[in-house]
Structure formats: C-alpha cells, structure tokens
K.L.:
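Okay, handing you the structure first.
FYI, side chains are in, hydrogens and waters are out, and symmetry mates aren't considered; it's all heavy atoms of this structure. Below, chains carry the letters A, B, ... as their sequence lines are ordered, and counting in each starts from 1.
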Amino acid sequence: MHQQTILIAVPPLFNFQECLWFLNRNYDDCLHLVTETAVFKAIATPYGDVLFQVSEQGNFLKIEILEGVANPECRDFLTAYVSDWFDLDRDLLPFYMQLKRDSRLAYMAENFSGLRLMGISDMFEALCWSIIGQQINLTFAYKMKRRMVERYGRHIEWDNQVFHIFPEPAVLANAEIDVLRGMQFSQKKAEYVIGAARAFVEGTLSRSLIDALPDFESRQKALVGHKGIGIWTANYVLMKSFRAPEGIPHGDVGLLNALTGHGIIAERTEKDKIEAFFRDYAGWETYVTFYLWRSLAVKPLT
DNA sequence: ATCCAGGGGTCAC
DNA sequence: GTGACCCATGGA
C-alpha cells in the first residue's frame with residue numbers, strides 16, 4: 001500500500017485561504033471544487049487519472065490522493081504539480097516591497113498578503129480557456145467551459161460527486177463545430193478551439209515547442225501566429241502556464257478597469273502611462289496584474 | 001432596451 | 001504599424 005498523503009512545506013508570505021478564495025470567487029469552475037478548508041481536483045497524469053485534495057496543516061500543504069495510483073513517481077508528479085499551481089517557489093518579498101513603494105497599491109501587500117498567482121499548468125487547457133474567455137463575461141465563460149468539459153473530458157466519481165478532467169487535444173480535435181455552437185460557442189470561437197486542438201495533435205503547437213524558444217518575444221510571436229490567438233490570449237497563456245513575468249494581458253478589460261479604478265490611468269487609451277506603470281513592476285508584471293484582478297472582486301464578509 | 005464582457009480578424013491607409 | 005469596423009452571444 002502506497003502512502004496517500006504528501007506534505008509540502010509552505011513558503012513565507014503564503015496564505016492558503018487567499019489562494020482558495022481566488023480559486024472559488026463566485027464562479028462555477030468545473031475543474032475543481034473548493035470547500036471552506038480544501039480544494040479537490042482531478043487531473044490526468046502520466047500515471048493515470050488522479051483525484052486529490054489539498055488542504056493546510058500547520059506550515060504545510062497537505063495533498064491527499066483520493067483516487068488513482070499513489071506510487072512514488074506519481075507522488076513526485078503531484079508535488080511538482082501543486083507547487084506550480086500555487087506558485088510556491090516564488091519569493092514574494094520583492095513584489096511586496098514594490099507595492100509598498102506605490103501609494104495607490106500599497107494596501108494590497110496587506111489585504112491580499114500571501115495570495116499566489118494561481119496557474120494553469122496544462123498549456124492546452126490554459127489556451128482553450130483563454131480562447132473561451134475572449135470578450136465575454138466570466139460567468140458565461142465558465143458556463144461554456146463546463147459544457148465543453150462535461151461533453152469531451154473524462155471524469156472521476158468519488159463520494160457521490162463528479163470531478164472533471166480537461167479534455168485531451170485529440171478529443172477536441174475531432175469535436176464538431178455544430179456541437180460547440182450548441183453550447184453557445186460562436187462560430188469563430190468553435191473554430192479557434194478546434195484549431196488549437198488540431199495544432200497540438202499535429203505538433204505545430206506544444207509546450208516543448210514554446211519552451212525551446214529563447215525569449216518572451218519569440219514565444220509570444222509563436223503563439224500569436226495561430227488563428228484565434230491574439231496578444232491578450234498569448235500573454236494570458238504565458239502568464240498562467242509558463243509563468244512569464246512579462247505576460248501582461250494587454251487590453252484586458254478587467255486590468256484596464258482596475259487601472260482606472262486605482263487612478264493609475266484616466267482613460268483606457270493611455271498606453272504610455274500603462275507602460276510606465278508596468279515598468280515600475282519589472283519582473284512582477286503578471287503578479288501586479290493578478291492582484292489588480294483580485295481587487296476587482298469584492299470578498300464577501302465571512 | 002442598452003451597454004458591457006478577463007478579444008480577434010480584416011482591411012484600409 | 002495603426003486605427004476603424006465587424007463579429008458573436010449572454011449578463012446585468
């Protein structure tokens with residue numbers, strides 16, 4: 001019998017509740033289940049599908065494997081997976097130093113202390129999700145994602161609940177446009193998602209391909225070369241999946257709203273001011289973006 | 001009804 | 001390279 005529990009030491013400036021809250025917010029994400037004290041998630045691994053739960057135990061994150069293999073290799077995989085998901089290896093202190101130098105955003109270092117940039121380690125998932133989320137409100141986007149995942153993804157049943165796994169590229173590559181349209185995808189959006197899936201199947205797009213490129217600009221360019229991937233989508237993927245600090249989702253409505261809301265810009269068109277703002281946060285562009293997104297959501301009183 | 005939402009493509013200049 | 005315009009579809 002393999003051990004079912006893994007403990008990961010938590011870094012300084014880490015707040016599990018903040019991370020948990022962001023995973024939940026008020027949206028219906030079909031790819032994890034958040035409770036008061038834990039998050040449940042099912043993923044595909046090289047060792048088969050696994051359902052696990054992450055909670056906090058003292059100064060450790062505790063991963064409990066609920067379904068699927070728990071051999072040492074898979075345990076290592078899950079350890080790396082969760083570390084990446086919660087961005088545990090990053091030292092946030094320099095970021096908080098910068099926030100505190102910025103009178104407009106200094107409060108974030110206190111109010112959101114310990115919030116990590118929650119990632120999407122599967123690049124294909126990050127790409128599909130960002131395509132789905134283009135130009136529509138998030139409530140609707142989560143609804144569309146759920147329909148697609150329920151139709152094309154595998155799942156694990158446990159304790160009378162269903163935990164969905166994001167569909168494989170090979171499955172979505174054979175999806176029919178009309179089926180996606182029935183899920184309220186626009187014609188173009190259906191084409192983009194299926195096109196992305198086919199690119200992954202054909203090998204013209206992959207994590208290793210992007211990883212092999214020398215710098216941020218070339219990675220961005222390689223992504224934008226595909227239909228349906230503009231600057232916003234490319235940078236979103238680079239932010240959430242590759243953790244490139246420079247992956248600012250330029251033009252993002254939420255980002256622009258937060259920038260105006262904090263008095264950093266007066267108009268959405270003030271490109272030079274936006275540039276100057278991010279220059280102050282060099283190396284932390286995506287983190288400050290993430291915290292600005294966080295600031296848009298009002299945390300309910302508990 | 002009207003404006004908006006974590007954009008992208010196309011096409012003129 | 002930049003800007004105007006169109007597209008698409010539900011939320012509030």
K.L.:
Need to verify one output field. Residue with the more 5' nearest nucleotide on DNA chain B, A/Gly228 or A/Gly254?
P.N.:
A/Gly254

K.L.:
Over 60° means perpendicular and under 30° means parallel, so classify the ring planes of A/Phe77 and A/Tyr47, tilted if in between.
P.N.:
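Perpendicular.
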
K.L.:
Looking at residues 112-134 of chain A, who's got a heavy atom less than 4.0 Å off DNA chain B?
P.N.:
A/Gly133, A/Gln134

K.L.:
Output a table of nitrogen or oxygen pairs between the protein and nucleotides 11-13 of chain B separated by less than 3.5 Å.
P.N.:
none

K.L.:
Whole Å only: how far is the CD atom of A/Glu191 from the P atom of B/dG8?
P.N.:
16 Å

K.L.:
Kindly state whether the ring of A/Phe242 and the ring of A/Phe216 have centres lying under 6.0 angstrom apart.
P.N.:
no

K.L.:
Is the ring centre of A/His226 less than 6.0 Å from the ring centre of A/Phe200?
P.N.:
no

K.L.:
Going by the rule side-chain contact (heavy atoms from CB on, under 4.5 Å), which residues pair with A/Pro11 if we only count those two or more places apart in sequence or in a different chain?
P.N.:
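Only A/Phe14, A/Leu88, A/Arg116 meet the side-chain contact (heavy atoms from CB on, under 4.5 Å) criterion with A/Pro11.
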
K.L.:
Short of 4.0 Å, heavy atom to strand atom, which residues of residues 266-293 of chain A count as contacting DNA chain C?
P.N.:
none

K.L.:
Just jot down the ring pair (Phe, Tyr, Trp, His ring centres under 6.0 Å) partners of A/Tyr192, sequence neighbours excluded, or say none.
P.N.:
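Scan of A/Tyr192 (ring pair (Phe, Tyr, Trp, His ring centres under 6.0 Å), adjacent residues dropped) gives none.
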
K.L.:
What pairs meet the salt bridge (charged side-chain N to carboxylate O under 4.0 Å, His left out) rule with one or both residues in residues 230-258 of chain A, with sequence neighbours excluded?
P.N.:
A/Asp84-A/Arg243, A/Asp87-A/Arg243

K.L.:
Check the phosphate of B/dC4 against A/Asn257, side-chain N and O only, distance under 4.0 Å to OP1 or OP2. Yes or no?
P.N.:
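Indeed not, no polar side-chain atom of A/Asn257 lies that close.
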
K.L.:
Using a cut-off of 4.0 Å between protein heavy atoms and nucleotide atoms, how would you tag nucleotides 5-12 of chain C 5' to 3' with B, S and -?
P.N.:
---BSBS-

K.L.:
Who are the ring pair (Phe, Tyr, Trp, His ring centres under 6.0 Å) partners of A/Phe278, not counting sequence neighbours?
P.N.:
none

K.L.:
What nucleic acid atoms does A/Ile229 come within less than 4.0 Å of, heavy atoms only: base, sugar-phosphate, or nothing?
P.N.:
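Contact class for A/Ile229: sugar-phosphate only.
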
K.L.:
Pairs in or reaching into residues 29-44 of chain A: which pass salt bridge (charged side-chain N to carboxylate O under 4.0 Å, His left out), with residues at least two apart or in two chains?
P.N.:
A/Asp29-A/Lys145

K.L.:
Sequence neighbours excluded, which residues qualify as ring pair (Phe, Tyr, Trp, His ring centres under 6.0 Å) partners of A/Trp232?
P.N.:
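Result, ring pair (Phe, Tyr, Trp, His ring centres under 6.0 Å) vs A/Trp232: A/Tyr236.
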
K.L.:
So that I can tick it off, tell me whether A/Glu275 and A/Arg279 are bridged by a salt bridge, with the cut-off set at under 4.0 angstrom between side-chain N and carboxylate O.
P.N.:
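The answer is yes: the pair qualifies as a salt bridge.
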
K.L.:
Just the rounded figure in Å: distance from P of B/dA5 to NZ of A/Lys145.
P.N.:
21 Å

K.L.:
Between atom NZ in A/Lys189 and atom C1' in B/dG9, what is the gap in whole Å?
P.N.:
14 Å

K.L.:
Would the A/Phe124 and A/Trp129 ring centres measure less than 6.0 Å apart?
P.N.:
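Here the rings of A/Trp129 and A/Phe124 have centres that are no less than 6.0 Å from each other.
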
K.L.:
State which residues pass ring pair (Phe, Tyr, Trp, His ring centres under 6.0 Å) with A/Phe140; sequence neighbours excluded, sorted by chain then number.
P.N.:
none

K.L.:
Scan for salt bridge (charged side-chain N to carboxylate O under 4.0 Å, His left out) pairs involving residues 131-143 of chain A, sequence neighbours excluded, and state none if there are none.
P.N.:
none

